[in-house]
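Here is the structure we will look at, set down as structure tokens.
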Amino acid sequence: MTTSTSPQSTGDGTAGGPGGGARTTKLAIVGAGAVGSTLAYAALMRGAARTVALLDVNRAKVEAEVLDLQHGIQFMPMARVEGSDDVAVCAGADVVVVTAGAKQKPGQTRLDLAEGTIGLMRTILPGLVEVAPDAVYVMVTNPVDIVTYAALKFSGLPPSQLFGSGTVLDSSRLRFLVAQHCGVAVQNVHAYIAGEHGDSEIPLWSSATIGGVPLLEWPGLGGRGPLTEQVRDDIAREVVQSAYRIIEGKGATNYAVGLAGTRIIEAVLDDEHRILPVSTLLDGAYGLDDVCLSLPTLVDRRGAAERVEVPLAEAELAGLRSSAESLRAVARRFGL
Ligand SMILES: O=P(O)(O)OC[C@H]1O[C@](O)(COP(=O)(O)O)[C@@H](O)[C@@H]1O
């Protein structure tokens, strides 16, 4: 079953109809759950790709999500939406985003989800690579660093072509909280969370800036105080806790992760050369290797093209090393 729009479309990412024939971009999203379908909605709203294809094992669910999205196309940048329970719907995709996995329940850590999800990756990756061998693969499913490491093994793809959404979302949570504290626009806060997308992640305070001022020297503005150590610790804790809080309240996180995923997709499809903290396989950076974790990385049409060597304070480097160790231990626990 494949549900699609426009009878003029060819289904292979090329536009049909009047003046058609030109190659257009295709985004495939694996998993039509809360994250996958919100990501599809965000990508369509932003006109990120001309074709958005959804793949899910649950045929009724994918069909319903596709119909609902199709009915909104009139109000969005022009696009085609299709969906199926057959992997063929992903054929010829330029970007494949993987959101499928076991659902996180209240109180569960991301690592609790690992085993079933790793098995799922082993099953789905080879079929995806067969139909979309040239796509850039973005893993979103948690625990994303472990899933990315596993997916690299199961797919045989080079590390630049397959990476994880990592701490792009955590960094936006951090920026939001810093912006709130300082009373400035979130876009003017430049700060990254590095390491695991999860409990051992590290805010890179020493390289963070606000409006050109190093964050550690931020004087405070409009009666609001500076970012003292206490304030920074509270913010860092809140970033780590925020996913748990959202899951407790509504069962899943979807809006911010959908937007963060869309940002990554745009960086790839528009060849933006944008620096984003995505999760990649380390090969010696900061003396670390054989582990996937997030560091600021240049993202463009090639995928995760090159890592940026951000200067780290001693405590940040120590945090990154222990994050790497805990992720490696988990990977070994699952036989990876
Ligand atoms: O604070 P500035 O220098 O005006 O920069 C704002 C720009 O930086 C961004 O926040 C991106 O920041 P990063 O490069 O730190 O990710 C854009 O969204 C925004 O347009």
Assess whether a salt bridge exists between [X] and [Y], defined as any Lys/Arg side-chain N lying under 4.0 Å from an Asp/Glu carboxylate O.
X      : Y      : result
Glu82  : Arg80  : yes
Glu316 : Arg321 : no
Asp290 : Arg332 : yes
Arg263 : Glu272 : yes
Arg50  : Asp94  : no

Taking atom [atom1] of [X] as the centre, report whether more than 12 heavy atoms of other residues, nucleotides or ligands fall under 6.0 Å from it.
X      : atom1 : answer
Arg245 : CZ    : no
Met45  : CE    : no
Tyr286 : OH    : yes
Glu309 : CD    : yes

Could you grab the distance from atom [atom1] of [X] to atom [atom2] of [Y], nearest 0.5 Å is fine?
X      : Y      : atom1 : atom2 : value
Met139 : Phe163 : CE    : CZ    : 11.0 Å
Ser322 : Ile202 : OG    : CD1   : 6.5 Å
Leu327 : Asp145 : CG    : CG    : 5.0 Å

According to a hydrophobic-cluster definition based on side-chain heavy atoms being under 4.5 Å apart (Ile, Leu, Val, Met, Phe, Trp, Tyr only), do [X] and [Y] belong together?
X      : Y      : result
Leu259 : Leu169 : no
Val213 : Val184 : yes
Phe176 : Ile264 : no

Passing option when Leu281 is tested against Leu162, Leu152, Thr148 for side-chain contact (heavy atoms from CB on, under 4.5 Å): Leu152
Hey, is the main chain of [Y] close enough, under 3.5 Å, to the side chain of [X] for a donor-acceptor pair?
X      : Y      : result
Gln161 : Ala135 : yes
Arg232 : Leu227 : yes
Thr99  : Val30  : yes
Ser171 : Ile193 : yes
Thr228 : Val231 : yes
His273 : Arg301 : no
Arg328 : Asp289 : yes
Arg307 : Leu295 : no
Ser155 : Leu125 : no
Ser323 : Glu196 : yes

Search all heavy atoms of [X] against all heavy atoms of [Y] and return the closest pair with its distance.
X      : Y      : answer
Leu174 : Trp205 : CD1-CH2, 3.5 Å
Ser200 : Ser326 : OG-OG, 3.7 Å
Val97  : Val95  : CG2-CG1, 3.9 Å
Val239 : Ser242 : O-OG, 2.7 Å
Ala49  : Ala79  : O-CB, 4.2 Å
Pro296 : Val310 : CG-CG2, 3.5 Å

Verify side-chain hydrogen bond (donor to acceptor under 3.5 Å, both in side chains) between Asn254 and Tyr41, making sure each step is shown before the conclusion. CA-CA 11 Å; Asn254 60 318; Tyr41 181 70; over 6 Å; no
Please examine the side chains of Val52 and Leu69, heavy atoms only from C-beta on, and report whether any two atoms are closer than 4.5 Å.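 Result no, sub-4.5 Å side-chain heavy-atom pair not found.
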